[in-house]
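Here the structure is a predicted model, which is why all the values come from computation and not from measurement.
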Amino acid sequence: MAELEGLEFGKSDFVLLDEVNMEQFMENLKLRFEKARIYTFIGEVVVSVNPYKQMDIYGKEAIDAYRGRELYENPPHLYAVADAAYKAMKRRAKDTCIVISGESGAGKTEASKYIMQYIAAITNPSQRAEVESVKNVLLKSNCVLEAFGNAKTNRNDNSSRFGKYMDINFNFNGDPTGGHINNYLLEKRDIQEGAASTTSNNDRSSHRAVLSALQVIGFSKEEIDSIYRILGTILILGNLQFETDSESVQVVGSEAVSHIAGLTTTEPDNVTKSLLYRTVATGGGEVIEKGHTEKEACFGRDAFAKALYERLFCWIVARINAVIEVKDYNPVLHGKNTVIGVLDIYGFEIFDNNSFEQFCINYCNEKLQQLFIELILRQEQDEYQREGITWRHIDYFNNQIIVDLVEQPHKGIISVLDEACLTVGKVTDTICLESMDAKLGQHPHYTSRKLTPSDKTMEFHRDFRIRHYAGDVTYSVEGFLDKNKDPLFQDFKRLMYNSSNPVLKEMWPDGQLSITEVTKRPLTAATLFKNSIVALVDKLGCKEPYYVRCIKPNEMKSPVLFDDARCQHQVAYLGLLENVRVRRAGFAYRQPYARFLQRYKMTCEYTWPNHLMETDREAVEAIVTQHGFQDDVAYGHTKLFVRTPRSLFTLEQERAALIPILVLFLQKVWRGALARMRCQRMRAIYAIMGCYKRFKVKAHFWEVERRFTNVRNMADYGKSVEWPTPPAALAQFDSITQQLHRRWRARQIVKNIPPSDMGEVRAKVAALGALSGERKDWGCGRPWERDYLSNVRDCPQTSSNFIRISKELRNKDQYNQVLFSGFCRKVNRFNKSTDRALFITEKHIYKLDPKKQFKVLKRLPLESVSTGLSITAGVDQMVALHTSSQDDVLLYIQRGELCPNQDRIGELLGTLIDHFTRVRNAPLPVKVCCSAVQLHMRGKPKSVTLETKAGQAHADFRKNRDGFTLLIPSN
């Protein structure tokens, strides 16, 4: 049973009908058509109803869904049959065939194309170029054969007017290696019967597609040109007219003859002669030319045009076969060559006027129906025997009696026709009919008006009737003899053989014989067709067959109309009901134990989720027993056979009820499994991340160790060594490590500094920390003298006096260390500035007057400036000392002669900070002002003018809550 098909769409397999009768069959077929389910199974046979619209069921997704699946695992489809045939060929190295049949307009051509496309899609996964080339030619051949073998009819826009059987050869890998095409009974019609129609864009695109296909297949430009020349010749012949004067028949208009001669590269006189005369040989070997009557000339013209097209079509098929045939194949080297055959052939035909073509087509269908029933029965019987199931005889209609009526030697209709064609003298169709009445009058499946005078549905001397398996068909005997014998005069054959066009010459090899050498009559059309059909049946009989039965739902080509009477008629002559009866004669349904168990194990407590029995058969028996179907089944060696569909539907209904519950359960289990897998995956990820992080940390430490191994021996103790980039997790720790390294490096450097220089180093470090990079040049790179007033080089004229005064102050104030001394300019609140000397010891700050032998003008305890000091961010030497008594001192440190460009603000700042930090254990606040420099002062507001190295600078006092701020423009 096909998966995914609910009962609202009807039964997906006709074998599962409750009762096998025409009413239920048609009801199910109609329901599925209305539900857009155009395919239905009969076991392994697909019944296809033409939807007359495009359906989205043939794309890549559909191909992938059916690839490698069993027939009953998916809804019915052409792909299911194509895949089954391909699997049987590939797995069991068995030749298979797909027989597609149905009446004109039922969709046979489209079905064959979809089957070919599916086989092409699932083969050659490795995309080997030579295999792709073969596949491409096989697909393109359909386009060419449709163009030359199909026609637009009243019943079908793309009607196949010939039967086609294509063998596709496969290597042991299952890839196509070549093929061969056989064509059967190309229909011949009068040339004037084709109705003219306007050219559409579809016709133009189709024409381009045919040209492209011819080129892909390998037709040369000369060959394509010859094809068009022959088609042009046929069209001109269709318009050629004759007239009779007093003595002979003439061609109307010489232009047509010249045109035909030009297209066929023959002489115009020879063309005229072939159209108007016939060359015959007398009994004495004399050759004479016999002129045609106007009727004979028209007959010869039509026969010539039909023969031209038939020879062209057969040459195209032969040319394609030459391209796709398997070349250089060696079974020893390449393995067994297997075949899939695809037969696209006309179905049974019953028209208002049935002629010779319908007779041949219906005979072909009788042969195929006979083979179909025999193979179905044989498959059924073989399966029963393989599985050890008792086979019982199945009654069915054996149409061998109808086949014998047509083909039996010396007695069949074909023999009567051939005999009439060979008889010397004037033999008419009516005489042939009388001969058939005489020989076949007692046959139960043959009758005529003469044999049944009361049947007025037939005409005297014209009609006969055959009771086919699909129904009675009345044939008109008119034209039978002309269509059966070769109607083409030998003159036309010689004309074409003598053409200078090599393609035409190749098409007419029988034209090389002279009239005296042509003695043996060719086989008749009916005999040739019979021989080809017998060969076809023999070829199909040795293959494992698969069937597609096509049904035409209505004559209006409507996608919604279902004509019950017409469809019932097709079901009858396709023998579909007979097929269902044969399939259901024993057991309606059979399936391997493993697959049956897989599908229905949830309906039994002993088999869900998995059974503990020794074999799958025992588990299946448990399911059957629990549901009480013991009397409705049989157990084969590998399969379970179910007799009636009702048992199967009961299982299906119970399964359908359980599926939602199981789906929820499986979803729950699967979600839990997914959650556990995600958890395990996350744990694994975290474990890997942890290991990786630890590795990166170790690697970082190893790299640090490698780079800094010899830093103790470096002159800069590793300052020039570049630190490796740390992992993100070590960023903060690495920063600490670098700080430790810098401290260690500083300690190593400090260890080498003499004790006498340590005070200067501490002062510079203090200045560096206080300025924090806000003052660009603060004297870090030079030695700090501190006591500049005592330095002879800096103050050569006053140093001796200052030394004397400093000794006096030492004796008086008992200081031990000079922190800083130098010249400065003092600015007061009255906008006055005077030269002064600044002398700072660890106890006092002295303001001295250099002009009066360094007289002490003011003495401040050093602790009084613990409030802090302010400097600018520029290059000026301005400093404000903030005292605890709120009597701030604003000074401008002057540079001495030692170096006119020295910056001594940093030295003063660092010395004081180091002293307060080290001796007094208290930090000294420092404020660095930028832009308009803000130096906090206290006192009355005034404006001052400052003398700087760059010149005079005007400063203003601005009041604030703490006192006044001196605003000095920045340099």
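For the residue pair S48/R549, the side-chain donor-acceptor check at 3.5 Å is not satisfied. Side chains of Y165 and D167: a donor-acceptor N/O pair is present below 3.5 angstrom, by distance only. A donor and an acceptor atom, one from each side chain of K164 and N142, are located under 3.5 Å apart. Side-chain atoms of N171 and T177 include no donor-acceptor pair closer than 3.5 Å. Between the side chains of E654 and H627, a donor-acceptor pair is found at a separation under 3.5 Å. With no hydrogens or angles considered, no side-chain donor-acceptor pair links Q369 and N399 at under 3.5 Å. A donor-acceptor pair shorter than 3.5 Å cannot be found between the side chains of R655 and T603.
Within the 4.5 Å cutoff, the side chain of E555 has heavy atoms near those of the K552 side chain. Residues M116 and L138 are in side-chain contact: their nearest non-hydrogen atoms beyond the backbone lie under 4.5 Å apart. Using a 4.5 Å heavy-atom threshold, the side chains of D616 and R595 count as separate. The closest side-chain heavy-atom distance from I98 to I115 is below 4.5 Å. By the 4.5 Å heavy-atom criterion applied to side chains, Y184 and L536 are counted as neighbours. Contact of the L612 side chain with the Y606 side chain is not registered, since no non-hydrogen atoms from C-beta on lie closer than 4.5 Å. Proximity of R678 to R681: side-chain heavy atoms (C-beta onward) are separated by under 4.5 Å at one or more points. Within the 4.5 Å cutoff, the side chain of F170 has no heavy atoms near those of the K90 side chain.
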Task: Candidate pair K367 and L371, rule side chain to side chain contact (heavy atoms under 4.5 Å, CB included), full reasoning - done: CA-CA 6 Å; K367 291 288 288 184; L371 176 68; over 6 Å; no
Open item on the list: Under the criterion side chain to side chain contact (heavy atoms under 4.5 Å, CB included), I'd like the reasoning laid out for M89 against Y86: C-alpha separation, chi angles, the key distance, then a yes or no.
Closed with: CA-CA 5 Å; M89 178 275 300; Y86 180 76; 3.4 Å; yes
Open item on the list: Between K668 and L664, does the side chain to side chain contact (heavy atoms under 4.5 Å, CB included) criterion hold? Intermediate values first, please.
Closed with: CA-CA 6 Å; K668 179 183 71 173; L664 290 175; over 6 Å; no
Task: Derivation and outcome, side-chain hydrogen bond (donor to acceptor under 3.5 Å, both in side chains), residues Y600 and E652 - done: CA-CA 8 Å; Y600 300 113; E652 280 293 318; 2.5 Å; yes
TODO: Kindly determine whether H77 and Y58 satisfy side chain to side chain contact (heavy atoms under 4.5 Å, CB included), including the steps that lead there.
DONE: CA-CA 9 Å; H77 201 290; Y58 303 105; 3.7 Å; yes
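Relative orientation of the Y79 and Y66 rings is perpendicular, given thresholds of 30° and 60° on the angle between their planes.
The environment of M677 atom CE is dense: over 12 non-hydrogen atoms of other residues, nucleotides or ligands sit within 6.0 angstrom. Within 6.0 Å of atom CG in D538, more than 12 heavy atoms from other residues, nucleotides or ligands are found, so the atom counts as buried in its surroundings. The local environment of CD in Q667 is crowded, with over 12 non-hydrogen atoms from other residues, nucleotides or ligands closer than 6.0 Å.
A pairwise comparison of heavy atoms in V571 and M26 identifies CG2-SD, 3.9 Å as the closest pair.
For the atom pair N169 CG and T338 OG1, the distance stands at 8.0 Å (nearest 0.5 Å). Between the CG atom of N579 and the CG atom of L574 there is a distance of 10.0 Å, given to the nearest 0.5 Å. A distance of 8.5 Å separates OG in S12 from CG in N28, rounded to the nearest 0.5 Å. Note that the CD1 atom of I168 and the NZ atom of K135 stand 11.0 Å from one another [nearest 0.5 Å].
Partner Y593 forms a side chain to side chain contact (heavy atoms under 4.5 Å, CB included) with one of E621, R617, E618 and no other, that one being R617. For the side chain to side chain contact (heavy atoms under 4.5 Å, CB included) test with L343, the passing option among L540, N182, I100 is L540; the others fail.
The existence of a salt bridge linking K108 and E103 is excluded, since no basic side-chain nitrogen approaches an acidic carboxylate oxygen closer than 4.0 Å. Salt-bridge check for E387 with R590: failed, with every basic side-chain N at 4.0 Å or more from each acidic carboxylate O.
Between Y114 and Y118, the distance from one ring center to the other does not fall under 6.0 angstrom.
The main-chain N or O of F596 is never found under 3.5 Å from a side-chain atom of K601 such that the two would form a donor-acceptor pair. Distance alone, capped at 3.5 Å, places no donor-acceptor pair between the R599 side chain and the L597 backbone.
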